[in-house]
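So the structure is just underneath, and the comments pick up after that.
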Number of protein chains: 2
Amino acid sequence: MATLEPIRRRSLADEVYEQLRTKIVRGEIEAGSSLPAERALCAMLGVNRGALREALKRLEQARLVSIHHGGGTRVEDFRQSGGLDLLSKLIIGPGGSVDTHVARSVVEMRSALGPDIARLAALRATDSVKERLLEVVDRIDETEDLRALQQLSMEFWDLLVEGSNNVAYRFAFNTLHATYREISQVMTQVLAAELTDRASFRAVAEGVNARDTAETETRARELLRKGASGILELIQLMDSMKEGKQT
Amino acid sequence: MATLEPIRRRSLADEVYEQLRTKIVRGEIEAGSSLPAERALCAMLGVNRGALREALKRLEQARLVSIHHGGGTRVEDFRQSGGLDLLSKLIIGPGGSVDTHVARSVVEMRSALGPDIARLAALRATDSVKERLLEVVDRIDETEDLRALQQLSMEFWDLLVEGSNNVAYRFAFNTLHATYREISQVMTQVLAAELTDRASFRAVAEGVNARDTAETETRARELLRKGASGILELIQLMDSMKEGKQT
DNA sequence: TCCGGTCTAGTGGTCTTACCACTTGACCTC
DNA sequence: GAGGTCAAGTGGTAAGACCACTAGACCGGA
């Protein structure tokens with residue numbers, strides 16, 4: 001009973017939002033083109049105009065469309081204007097499979113940010129964060145189950161982000177975390193090498209406690225490289241398989 | 001007539017959204033507390049319930065509030081759940097001055113991502129990007145005006161991001177760019193050392209053209225460090241002044 | 001031919017009113 | 001005390017009307 005999840009009830013506006021967002025990010029609605037008029041759209045969708053407008057406002061907030069009073073609603077080029085939160089919508093491609101291009105991008109960003117987050121944590125972490133960091137690595141030492149290690153790894157990085165005292169990293173982490181959550185189930189095995197590298201987790205935690213920025217950064221980079229290489233190899237494999245299918 | 005800007009007309013929903021968002025990010029509405037009921041809120045604000053709901057949907061999209069059917073609307077802790085796009089709202093603190101903590105965070109993130117963006121561009125940039133990159137550095141060479149250099153610098157980095165072929169970096173860049181735009185006017189002088197480092201711009205562009213990843217990354221890091229040190233010194237100065245004022 | 005104004009159809013913006021669906025907590029019953 | 005019942009309050013949906021703005025067609029004078 002541990003994995004029960006609350007069922008998510010979606011309002012009409014949410015459904016409309018998701019439907020339009022999906023069509024836009026998949027390119028089914030051409031960027032630069034105009035959406036049908038609101039009255040026409042809500043007739044097509046069979047919903048109230050208010051519900052539709054709430055959805056459109058969300059799309060505008062996500063910079064997927066731009067609304068002009070009296071001048072219609074145009075679809076923006078999300079690659080040009082989108083924000084980081086689109087990643088969690090893009091990571092799952094059509095058909096439910098992981099989009100390898102997006103996954104590779106996320107892995108690269110993780111590799112670039114992680115070591116600096118660790119470095120700053122070593123520079124600025126409070127005693128409270130340091131303490132909790134050691135507690136987490138203790139639990140990591142005692143844990144064998146990969147799913148549990150995934151969870152602990154996230155707690156570990158969450159603490160490092162908190163220790164870094166950097167709001168930009170916090171927000172980026174929040175978004176990347178949400179993206180990761182979309183695919184965490186299928187990543188468990190690929191990340192095994194990283195998740196079981198208990199020595200590196202501990203080295204980072206102790207580096208932070210010792211305020212050793214250089215060492216902490218290096219060990220964090222090593223830790224992340226294990227998972228990165230696993231994922232990148234898998235991506236390469238998937239891409240070559242897809243290529244083989246096409247030819 | 002070059003600096004004329006189109007006046008931005010704001011709908012009621014936009015006004016309501018901004019007002020509530022400001023109150024939330026400034027902590028004037030406590031995280032975890034409940035907002036008044038919709039009917040009460042729109043009476044206070046003097047607007048239609050539909051307009052209010054459009055604003056609330058945007059706040060929910062930005063993860064600033066969570067709405068529960070029948071159970072009220074609660075204010076979330078944006079530090080815990082917010083996305084990167086909040087940076088552009090946080091960078092200007094109350095009173096209109098730049099928030100030094102946020103600014104420092106952005107500078108650090110820029111320093112971490114920039115070199116890797118350049119490295120990946122050297123690895124993957126298309127011929128089109130390479131060519132345009134050289135054109136931009138040519139224009140940088142011919143330009144003296146700092147404001148114009150700011151603009152060119154952004155085009156330069158925009159091309160590197162395009163060349164990196166990394167959607168995560170693209171989205172992060174979009175957001176950071178929007179944040180930077182909020183404060184670019186006051187940053188011109190501080191960034192002078194970076195903006196006039198024409199040799200580094202060219203070295204990066206030529207490194208990309210030569211597919212020399214290591215060299216490109218190094219030169220990009222050098223370039224960014226010039227601006228970073230300028231900003232960080234200014235931040236230190238501002239913080240010490242503020243401290244002096246308080247004591 | 002061109003420029004500028006005018007008009008109009010169509011679009012998004014706002015408002016009103018009503019009712020439905022869900023959550024919460026008080027209350028009751030056993 | 002545990003569990004069920006119910007009502008008040010909250011957000012969700014709906015239909016219809018009218019206002020504000022834009023874009024394009026149209027017209028008239030230079």
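Proteins get letters first, then strands, A, B, ... in listed order; numbering begins at 1 in each.
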**OP:** Return the 5'-most residue of the pair A:Gly71, A:Gly46 with respect to DNA chain D, ranking by each residue's nearest nucleotide.
**Re:**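 Nearest nucleotide further toward 5': that of A:Gly46.
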Subject >> DNA chain D: 5'-proximal contact among B:Gly70 and A:Glu54 (nearest heavy atom) >> reply: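 Nearer the 5' end of the strand: B:Gly70.
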Whole Å only: how far is the [atom1] atom of [X] from the [atom2] atom of [N]?
X       : N      : atom1 : atom2 : answer
A:Glu60 : C:dT11 : CD    : P     : 18 Å
B:Leu45 : C:dC15 : CG    : C1'   : 15 Å
A:Arg74 : D:dT22 : CZ    : P     : 12 Å
B:Arg49 : D:dG11 : CZ    : C1'   : 6 Å
B:Glu15 : C:dG13 : CD    : P     : 14 Å
B:Glu38 : D:dT10 : CD    : P     : 10 Å
B:Leu59 : D:dG11 : CG    : P     : 13 Å
B:Lys57 : D:dT13 : NZ    : P     : 7 Å

If you check the [X] side chain, which of [options] turns out closest?
X       : options                : result
B:Arg39 : D:dA14, D:dC18, C:dC19 : C:dC19
A:Leu12 : C:dG12, C:dT14, D:dT13 : D:dT13
A:Ile67 : D:dA14, C:dG13, D:dG11 : C:dG13

Subject >> Nearest-0.5 Å distance that lies between atom OG1 in A:Thr73 and atom CG in A:Leu41 >> reply: 8.0 Å
Subject >> Atom pair CD/OG of B:Glu108 and B:Ser111 - distance to nearest 0.5 Å >> reply: 7.5 Å
Subject >> Residue-phosphate contact under 4.0 Å: B:Thr73 side-chain N/O, D:dG11 OP1/OP2 >> reply: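 So the side chain of B:Thr73 is within the cut-off, an N or O lying under 4.0 Å from OP1 or OP2 of D:dG11.
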Original post:
Under 4.0 Å: is that the gap between some side-chain N or O of B:Arg53 and OP1 or OP2 of D:dG12?
Top reply: yes
Subject >> Side chains of B:Tyr180 and B:Gln150, donor plus acceptor under 3.5 Å >> reply: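 There is such a pair (donor and acceptor under 3.5 Å, judged by atom type) between the side chains of B:Tyr180 and B:Gln150.
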Original post:
For A:Ala37, which contact category applies under a 4.0 Å heavy-atom criterion: base, sugar-phosphate, or nothing?
Top reply: sugar-phosphate
Original post:
Under 4.0 angstrom, heavy atoms only, what part of the nucleic acid is A:Gly72 near: base, sugar-phosphate, or nothing?
Top reply: sugar-phosphate
Original post:
Should the pair B:Asp14-A:Lys57 be classified as a salt bridge under the 4.0 Å nitrogen-to-oxygen rule?
Top reply: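 A salt bridge links B:Asp14 with A:Lys57.
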Original post:
Who passes salt bridge (Lys or Arg N to Asp or Glu O under 4.0 Å) against A:Glu15, sequence neighbours left out?
Top reply: A:Arg10
